[in-house]
Amino acid sequence: MIVTLRFFSVLREAFGAGIVEVELEPGTTGQELIELLAANSDEFDALKTVVKLAVNDEYVDPTAVLADGDDIAMITPVSGG
Amino acid sequence: MIVTLRFFSVLREAFGAGIVEVELEPGTTGQELIELLAANSDEFDALKTVVKLAVNDEYVDPTAVLADGDDIAMITPVSGG
Amino acid sequence: MKTDWIDITAEPLDAGEVHNFLYRSEGGGVCVFAGTTRRITGNKSTEYLSYESHISMALKEMQALSNKAREQWPLLRTVLLHRIGDVKVGQPSVLIGVASAHRSPAFDAARFLIDELKKSVQIWKQEHYSNQTTEWVQTEWPDEPAEGT
Amino acid sequence: MKTDWIDITAEPLDAGEVHNFLYRSEGGGVCVFAGTTRRITGNKSTEYLSYESHISMALKEMQALSNKAREQWPLLRTVLLHRIGDVKVGQPSVLIGVASAHRSPAFDAARFLIDELKKSVQIWKQEHYSNQTTEWVQTEWPDEPAEGT
């Protein structure tokens, strides 16, 4: 299945892009995606305990099973204001 | 001696003028002036326990002796904002 | 460079200018309070408020309040502006503003300044109601004695 | 008539427009907070901040904060504006505003909104220092869990 990943700030720079499409095994959970990304990026690995996943603009539990077409944002602690 | 009296809001309307010059006996105190004005105006009489005197832009104690040329403002509880 | 903007004016108050005065490179937090004429108080309908002031005393008192605020909080700039004359419903009669390095002192100092202004600055307001009657707003002195009394 | 003005924009924020939006005939108290880029934090000198956002989530979260504020205080209007892109020293990156009938809820709600915005709205800032280096500001999630987690 194909999902869209959105990265911001430190993670956007780590992955070199704000939006990427990736193919995942059907049935992949949020936590499995996090581990996959952590294995590919030291910066992500350092933030993996604090990153929250949002699917289609709503936060989801890491146990949630992802679906084809999901728009998945990696939300690190925010720093607006 | 001649002093200037300044009235505002309710007292200005009661006395019909914002600024008036009056002649006082030399040695008149603030409290004596207050009693004099209270005797001439029911509106002032009703406010005489809360009115503060300011001479030349500074609040003075009612026991203060007034002087020729003083600019004396009658300050009732304020209501700005 | 003056760091307090204190004025009593018959002209409309310009909040944009107040913000520009408060945006400083050393600052991070700006808090501005505007008090506007409210249509309804109790069961009465107001058309406008009319303000008068002992201007020279009021300006000194506003400066004293700014000084007190600066003693209590690290402020870069302060603004205290008050209108005299007629102020229609929905228009501001008073603008208070402070700039500080952080937001907490900005909020606390602005709150202090408007609270104290209402207690001590020599300004009086008259309600002009929709039914053509008028009324000077009656208040009492706060419990704590004002300076000099 | 919309009573919440919520936006994320690359354009400069206009405080005068915010005040006009908040001046209502039913209102008496308007509190506006502006967060501006500060030159000095610690021992570093900042030239500008660069903001980015997950805009669709951030707008929803800002609306949720406005709704929460309206549950707690009687507010007539709320404003939550945040810039993205580069914001120079002394310029505002965020404007928060509320209008209420009285000043106490106006101050309290504005303080609530800026405090909560900093904790939960999906915006990130990068320092651009005078020595040409850059740094994403590192923060932690607040102790209380955010909605949905």
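Worth knowing before you read on, the calculation uses all heavy atoms, side chains too, and leaves out hydrogens, waters and symmetry mates. Per chain, numbering begins at 1; letters A, B, ... match sequence-line order.
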Spatial distance of atom OG (A:S9) from atom CD (D:Q126) [nearest 0.5 Å]:
8.5 Å

Do D:W124 side-chain atoms and A:G80 backbone N/O form a donor-acceptor pair below 3.5 Å?
no

For the backbone of A:S79 and the side chain of D:Y51, can you confirm whether one donor and one acceptor N or O come within less than 3.5 Å of each other?
no

Less than 4.5 Å apart, any side-chain heavy atom of D:W141 and any of A:I75?
yes

Interface moiety of [X] toward chain A, non-hydrogen atoms closer than 4.5 Å:
| X | answer |
| --- | --- |
| D:H54 | both |
| D:V137 | both |
| D:E140 | backbone |
| D:K118 | both |
| D:S53 | backbone |
| D:S93 | side chain |

Using a 6.0 Å cut-off, check whether atom CG of A:D42 has over 12 heavy atoms from anything other than its own residue.
no

If you count heavy atoms of other groups shown closer than 6.0 angstrom to NZ of D:K60, is the number above 12?
yes

Nearest non-hydrogen partners of [X] and [Y], listed with the distance:
| X | Y | result |
| --- | --- | --- |
| A:V10 | D:W136 | CG2-CB, 3.4 Å |
| D:S56 | A:D57 | OG-OD2, 2.8 Å |
| A:V78 | D:T139 | O-OG1, 2.8 Å |

Give the intermediate values and the outcome of side-chain contact (heavy atoms from CB on, under 4.5 Å) for residues D:M57 and A:E58.
CA-CA 8 Å; D:M57 286 191 81; A:E58 298 284 350; over 6 Å; no

